[in-house]
Amino acid sequence: MSFVEYGDTIREGDTAIVFLGHESMFPVKVQHGSKTQTKYGVIRHSTDLIGKKYGSKVTCSKGGWVVILHPTPELWTMNLPHRTQILYSTDISLITMMLELKPGSIVCESGTGSGSLSHAIIRTVAPTGHLYTVEFHQQRAEKAVEEFREHKVEHLVTVKNQDVCKNGFGVSNVADAVFLDIPSPWEAIGHAKSALKVEGGRFCSFSPCIEQVQRTCLALEEHGFTEINTLEILLRVYNVRTISLQIPDLGKAAEDNSNPGFDSSSQANQGVLCGSQQQGTVQFKSGVPLREMVGHTGYLTFATKSLL
C-alpha cells in the first residue's frame, strides 16, 4: 500500500479506510490478530481484511457490512488525526493548480501540521518530484516522519524541524513552488524567494485574517514578486432530491372565467370555479442547497517570483 502507488490486495501494515457511509468512515492499520469495532460489529483483520481486494464488502459480526477502501490524499484529508487545523480539498485543489504543480516539481512547504496538504502535494509531484516540508513543533515533525514512512512516501519528502522564519527551508534555488501556512508569513518571504529557482517560480500563502494578507502582500512587493492576488473559496453543496410543485392551471377554465357571459353566482359555474382552483402537482428531481454552508476558512495569496 502506498498513497501514490495503488495496489489491489490488502496486506499487513497497510493503512485502509473503513467506509460505513458518506458521513462515516475512519482509517485503520491492518495487523494480524487485530480487531476493529464498528457499529455493525467486529472486523477481524486476519480473516476479514488481509488478502481481500480493496473495495470489497466486509460482513461484520452483527451482520452489517462495510467497504474497505484504498487510501488516497482526499480520503486521508477526511480521516486523518488532527494535530492542527488542516486544509481541505476545496482549498487544496486550487493550491495545486495555481502553483502549477506536476510530476517532477520541487516544492517547499511550511508548516507541515497534520500533513493534509503534504499528502496531496506528494501525490501530485510523484514519482520524480520532491517535497521539502518544515515544521516548527518537534513532536508534530516526528509524527509526520512516522506517517510518511507508514504510507511509503518517505522517499518523496524531507521533513525538517526548524523555524522557517529564522532558518528558511534548508535549500536554495531548487523549488518550483513555495507554500506557507504559518502565523507570520511575511517574515518568511525572503527565505521563500531564496528557495525558489533562479528562473522564477510560484508562491502561495494561506492566512485566516485579512491583516495577515495585507502584511504578506506588502512583503511580496518589497521582495520583487509580481502577479500578486488573493482569493477566497466558498463551497456550496447541493443535494439532489425529489420535490413536488403545483401545475399552473392555464387551460379552458381560465378562458371561461373571462367570458362576459359567465355568471359566477350560479351553482353550476361555482363548480367550475372550484375545479379550476384544485391544481395538480408534479414530482421531479432538483438540486436543493443545504440550509447551512461552510463559511470562511482562509485567504489564499498567490504571487510569482520575478526574473528581474
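Looking at His296, its side chain does come within 3.5 Å of a backbone N or O of Pro208 through a donor-acceptor pair. A distance-only check finds no donor-acceptor pair linking the side chain of Glu5 to the backbone of Ser2 [under 3.5 Å]. Side-chain N or O atoms of Thr112 include none that pairs as donor or acceptor with a backbone N or O of Gly115 at under 3.5 Å. The closest donor-acceptor contact from the side chain of Asn167 to the backbone of Cys165 lies at 3.5 Å or more, if one exists at all. In terms of modelled atom types and a separation under 3.5 Å, the side chain of Ser34 and the main chain of Val30 share no donor-acceptor contact. Between the side chain of Asp14 and the backbone N or O of Ile10 there is no donor-acceptor pair closer than 3.5 Å. Looking at Asn161, its side chain does come within 3.5 Å of a backbone N or O of Glu135 through a donor-acceptor pair. Within the 3.5 Å criterion, the main-chain N or O of Glu187 finds no donor-acceptor partner in the side chain of Ser184.
Look at Arg149 and Glu146 and you find no salt bridge, because none of the NZ, NE, NH1 or NH2 atoms lies under 4.0 Å from a carboxylate O. Comment: Glu199 does not engage Lys305 in a salt bridge, judged by the lack of any side-chain N to carboxylate O separation of less than 4.0 angstrom. Using a 4.0 Å cut-off between a side-chain N of Lys or Arg and a carboxylate O of Asp or Glu, Glu147 and Arg83 qualify as a salt bridge. By the 4.0 Å N-to-carboxylate-O rule, Asp176 lies too far from Arg202 to be salt-bridged with it.
Here His32 contributes atom NE2 and Glu12 contributes atom CD; the two are 4.5 Å apart, rounded to the nearest 0.5 Å. The distance from the OG atom of Ser116 to the CG atom of Leu87 is 6.0 Å, given to the nearest 0.5 Å. The structure places SG of Cys204 at 9.0 Å from CG of Asp181, a figure rounded to the nearest 0.5 Å. Atom OG of residue Ser93 and atom CD1 of residue Ile233 lie 5.5 Å apart, to the nearest 0.5 angstrom. With rounding to the nearest 0.5 angstrom, the CD1 atom of Ile106 is 6.5 Å from the NZ atom of Lys197. Taking CD1 from Ile121 and OG1 from Thr96, the interatomic distance works out to 8.5 Å, rounded to the nearest 0.5 Å.
In plain terms, the two heavy atoms of Phe169 and His191 that are nearest each other are CD1-O, 4.1 Å. Closest approach of Pro103 and Pro127 over heavy atoms only: CB-CD, 4.4 Å. What you find for Gly170 and Gln162 is that their closest heavy atoms are N-NE2, 3.9 Å. The shortest heavy-atom contact between His45 and Lys35 is NE2-C, 4.0 Å.
Summarising the local packing, CZ of Phe136 is surrounded by 12 or fewer heavy atoms from other residues, nucleotides or ligands at distances under 6.0 Å. Within 6.0 Å of the CD atom in Glu232, the count of heavy atoms belonging to other residues, nucleotides or ligands exceeds 12.
Met1 is listed as a side-chain neighbour of Thr15, based on a closest heavy-atom distance under 4.5 Å. Here the side chains of Ile68 and Ile17 are not in contact, with every heavy-atom distance at 4.5 Å or above.
Counting only N and O atoms by type, the side chains of Ser205 and Thr216 include no donor and acceptor under 3.5 Å apart. Between the side chains of Thr84 and Ser114, a donor-acceptor pair is found at a separation under 3.5 Å. There is a side-chain donor-acceptor pair under 3.5 Å between Thr242 and Lys285.
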Between Thr77 and Ser89, is the side chain to side chain donor-acceptor pair (under 3.5 Å) condition met? List the steps. CA-CA 7 Å; Thr77 291; Ser89 298; 4.8 Å; no
Check step by step if side chain to side chain donor-acceptor pair (under 3.5 Å) holds for Asp91 and Thr297. CA-CA 9 Å; Asp91 289 315; Thr297 56; 3.2 Å; yes
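Ring geometry for His130 versus Tyr132: interplanar angle of 30 to 60°, hence tilted. Between His151 and Trp76, the ring-plane angle classifies as perpendicular under the 30° and 60° cut-offs. Relative orientation of the Tyr88 and His82 rings is tilted, given thresholds of 30° and 60° on the angle between their planes.
Test Arg140, Gln139, Gln138 against Glu142 for side chain to side chain donor-acceptor pair (under 3.5 Å) and you get one pass: Gln138.
Applying the salt bridge (charged side-chain N to carboxylate O under 4.0 Å, His left out) test to pairs two or more places apart or on separate chains, those with a residue in residues 103-125 are Glu74-Arg123.
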